There are 2 protein chains.
Amino acid sequence: MSNTTPRRLDDQLCFAFYSASKKFNHFYQDALKPFHLTYPQYITLLALWETSPMTVRELGSHLNLDSGTLTPLLKRLEKQGWISRKRSDQDERQVNVAVTPYALEKRDEVYARVNNCIDLMSFDGVDYQTLLAQIHQVMGELDTISTQDLIQEA
Amino acid sequence: MSNTTPRRLDDQLCFAFYSASKKFNHFYQDALKPFHLTYPQYITLLALWETSPMTVRELGSHLNLDSGTLTPLLKRLEKQGWISRKRSDQDERQVNVAVTPYALEKRDEVYARVNNCIDLMSFDGVDYQTLLAQIHQVMGELDTISTQDLIQEA
DNA sequence: AGCAATTTAGTTGCACACGATTAATCCAAT
DNA sequence: ATTGGATTAATCGTGTGCAACTAAATTGCT
């Protein structure tokens, strides 16, 4: 109850992630412009190029997105011909999402475009693995904080 | 044109920022629940607690947000009594955004709540300054890539 | 078998985020 | 003094992101 100084550093850490995420999003938006894909749509396709078909739930647990986000996103991808959605015969609650032949045909082109754009960057002073590990550690820490902990002092 | 392998590592870096940003957002959403503030609203107030008044443009350049995002956000903050919006007399194009007495009164309480929630985390294995520096370096690299570079090979 | 609890995807409502456009205002150069 | 260009905030349209809820289907328990 005594600490009334803004945590500049911690705020900066969150703000850094917030800003970096937006910048990356913008970067991919430009890189993927030839395909009319957004970053969330791109990572959805990435997951499906690796494993297809997947149910909406499986996709969601890979991408950390719920059906409220995925359903409209998948409808847009379907409309543009990248994926198909079909209710499972075995369990009619599930919807199987699969890449289309068009998506398979375009896959290498998308990979090449993204790789070429990434090549424009030079991560010289960046220790890639350490950075990734630290981010994961921060995320792990965020996961350990339960909503309960936060609520109890509200 | 030859590299058709997905850049798992780079995708992972972007995805790590993307995921961490969402987790942080959720963390602050919970922490700020007693005040009915979102994270973007909170950083807007942080900026204004430091400098008030500011024009929408000045706020936007601090937070990297444009008027399309800020105008509705500021209207919500105004409606809830945190800020005031008044068109400048000197230059009627500008709108001066200022914290209200209510916001000043609540400031320390918000700081304390955020600090208490951050205290729940332990950034043990994390070298805070190095992490921040690396994130800034990545952001700097993203800034150097101009849209032109990305467009030319589209 | 029958029914309650669970699971799944979809829907709704709200809040960003941003590109593109618009309207009002200011400024600068004639 | 006018006017053309620049600046500023607001607006519009699209696309997430998520909490809360709904409807349908499945599972589990007796």
Side-chain angles (χ1 to χ4, degrees), chain A residues 15 18-30 32-33 35-44 53-61 63-80 82-83 85-97 147 151, chain B residues 15 18-30 32-33 36-44 53-61 63-80 82-83 85-97 147 150-151:
Chain A
F15 190 68
Y18 169 75
S19 302
S21 179
K22 286 197 298 177
K23 275 190 209 296
F24 260 118
N25 190 63
H26 184 266
F27 168 82
Y28 273 93
Q29 215 85 21
D30 281 347
L32 295 166
K33 193 157 287 176
F35 307 102
H36 305 291
L37 288 172
T38 66
Y39 178 68
Q41 289 167 5
Y42 164 70
I43 57 176
T44 302
M54 267 194 282
T55 68
V56 174
R57 175 140 202 79
E58 287 167 334
L59 252 178
S61 65
L63 305 175
N64 297 311
L65 293 172
D66 73 352
S67 67
T69 301
L70 275 178
T71 297
L73 185 154
L74 293 172
K75 282 182 180 173
R76 282 185 282 271
L77 281 179
E78 184 184 35
K79 199 172 179 180
Q80 303 196 294
W82 294 96
I83 63 159
R85 292 159 68 244
K86 202 175 83 64
R87 217 156 260 282
S88 164
D89 289 332
Q90 291 77 38
D91 186 339
E92 292 194 19
R93 288 171 305 180
Q94 302 180 1
V95 167
N96 287 123
V97 182
T147 305
I151 285 175
Chain B
F15 190 67
Y18 169 75
S19 302
S21 180
K22 286 197 298 176
K23 274 189 209 297
F24 261 119
N25 190 64
H26 185 266
F27 168 81
Y28 273 93
Q29 215 85 20
D30 281 347
L32 294 166
K33 193 157 286 176
H36 305 291
L37 288 171
T38 66
Y39 178 69
Q41 290 167 5
Y42 165 70
I43 58 175
T44 301
M54 268 195 281
T55 68
V56 173
R57 174 140 203 78
E58 287 168 333
L59 251 179
S61 64
L63 306 174
N64 298 310
L65 294 172
D66 74 351
S67 67
T69 301
L70 275 178
T71 297
L73 185 153
L74 293 172
K75 282 182 179 175
R76 282 185 283 270
L77 281 178
E78 184 185 33
K79 199 172 181 180
Q80 305 196 294
W82 295 95
I83 62 159
R85 292 159 68 244
K86 204 175 82 65
R87 217 157 258 283
S88 163
D89 290 331
Q90 291 78 36
D91 186 340
E92 292 195 19
R93 290 171 303 180
Q94 301 180 0
V95 167
N96 288 122
V97 182
T147 305
L150 296 179
I151 283 175

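Since the model is a prediction, treat every value here as computed from it, not as a measurement. Residue numbers begin at 1 in each chain, while the letters A, B, ... track the order of the sequences.
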Rounding to a whole Å, what distance do you find between [X]:[atom1] and [N]:[atom2]?
X: B/L70; N: C/dA15; atom1: CG; atom2: P; value: 15 Å
X: A/K75; N: D/dG15; atom1: NZ; atom2: P; value: 14 Å
X: B/D66; N: D/dT8; atom1: CG; atom2: P; value: 14 Å
X: A/K22; N: C/dC18; atom1: NZ; atom2: C1'; value: 9 Å
X: A/E58; N: C/dA9; atom1: CD; atom2: C1'; value: 13 Å
X: A/L74; N: C/dT11; atom1: CG; atom2: P; value: 12 Å
X: B/H26; N: D/dA19; atom1: NE2; atom2: C1'; value: 9 Å
X: B/L73; N: D/dA10; atom1: CG; atom2: P; value: 12 Å

Open item on the list: Using heavy-atom distances to pick each residue's nearest nucleotide on DNA chain C, tell me which of B/N64 and A/V56 is more 5'.
Closed with: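 This one resolves to A/V56.
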
Of the nucleotides [options], which one has an atom closest to the side chain of [X]?
X: A/R76; options: D/dT26, C/dG10, D/dT16; value: D/dT16
X: B/R93; options: D/dA6, C/dC16, C/dT8; value: D/dA6
X: B/T38; options: C/dT25, C/dG10, C/dA15; value: C/dA15
X: B/D91; options: D/dG17, C/dA9, C/dT25; value: C/dT25

Open item on the list: Can you tell me if B/R85 has over 12 outside heavy atoms packed within less than 6.0 Å of its CZ?
Closed with: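 Count over threshold, so yes.
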
Can you see if the side chain of [X] gets near the phosphate of [N] - specifically, an N or O under 4.0 Å from OP1 or OP2?
X: B/T55; N: D/dT8; result: no
X: A/Q41; N: D/dT16; result: yes
X: A/T71; N: C/dG10; result: yes
X: A/R85; N: C/dG10; result: yes
X: B/S67; N: D/dT8; result: no
X: A/R57; N: C/dT8; result: yes
X: A/Q29; N: C/dA17; result: no
X: A/Y18; N: C/dC16; result: no

TODO: Of all the heavy-atom pairs spanning A/I83 and A/L74, show the shortest one and how long it is.
DONE: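 For A/I83 and A/L74, the tightest heavy-atom pair comes out as CD1-O, 3.3 Å.
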
TODO: Using a 4.0 Å heavy-atom cut-off across all strands, classify B/N96 as base, sugar-phosphate, or nothing.
DONE: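 Counting heavy atoms under 4.0 Å across all strands, no contact is made by B/N96.
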
- [ ] Drop me the distance from A/L65's CG to B/S19's OG, to the nearest 0.5 angstrom.
- [x]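 Separation between the atoms: 8.5 Å.
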
Task: Working for side chain to side chain contact (heavy atoms under 4.5 Å, CB included), residues A/I43 and A/Y28 - done: CA-CA 10 Å; A/I43 57 176; A/Y28 273 93; over 6 Å; no

Task: Main-chain N/O of B/G68 paired to B/T71 side chain as donor or acceptor, under 3.5 Å - done: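 Not at all, since once roles are kept as given, no pair shorter than 3.5 Å links the two residues.
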
Task: Partner of A/Y18 by ring pair (Phe, Tyr, Trp, His ring centres under 6.0 Å), out of B/Y42, B/F24, B/Y39 - done: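 Per the ring pair (Phe, Tyr, Trp, His ring centres under 6.0 Å) rule, the option paired with A/Y18 is B/Y39, out of B/Y42, B/F24, B/Y39.
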
Open item on the list: If you assign A/Q90 and A/P40 each to the DNA chain D nucleotide with the nearest heavy atom, which residue ends up on the more 5' nucleotide?
Closed with: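 With A/Q90 and A/P40 compared, the 5'-side residue is A/P40.
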
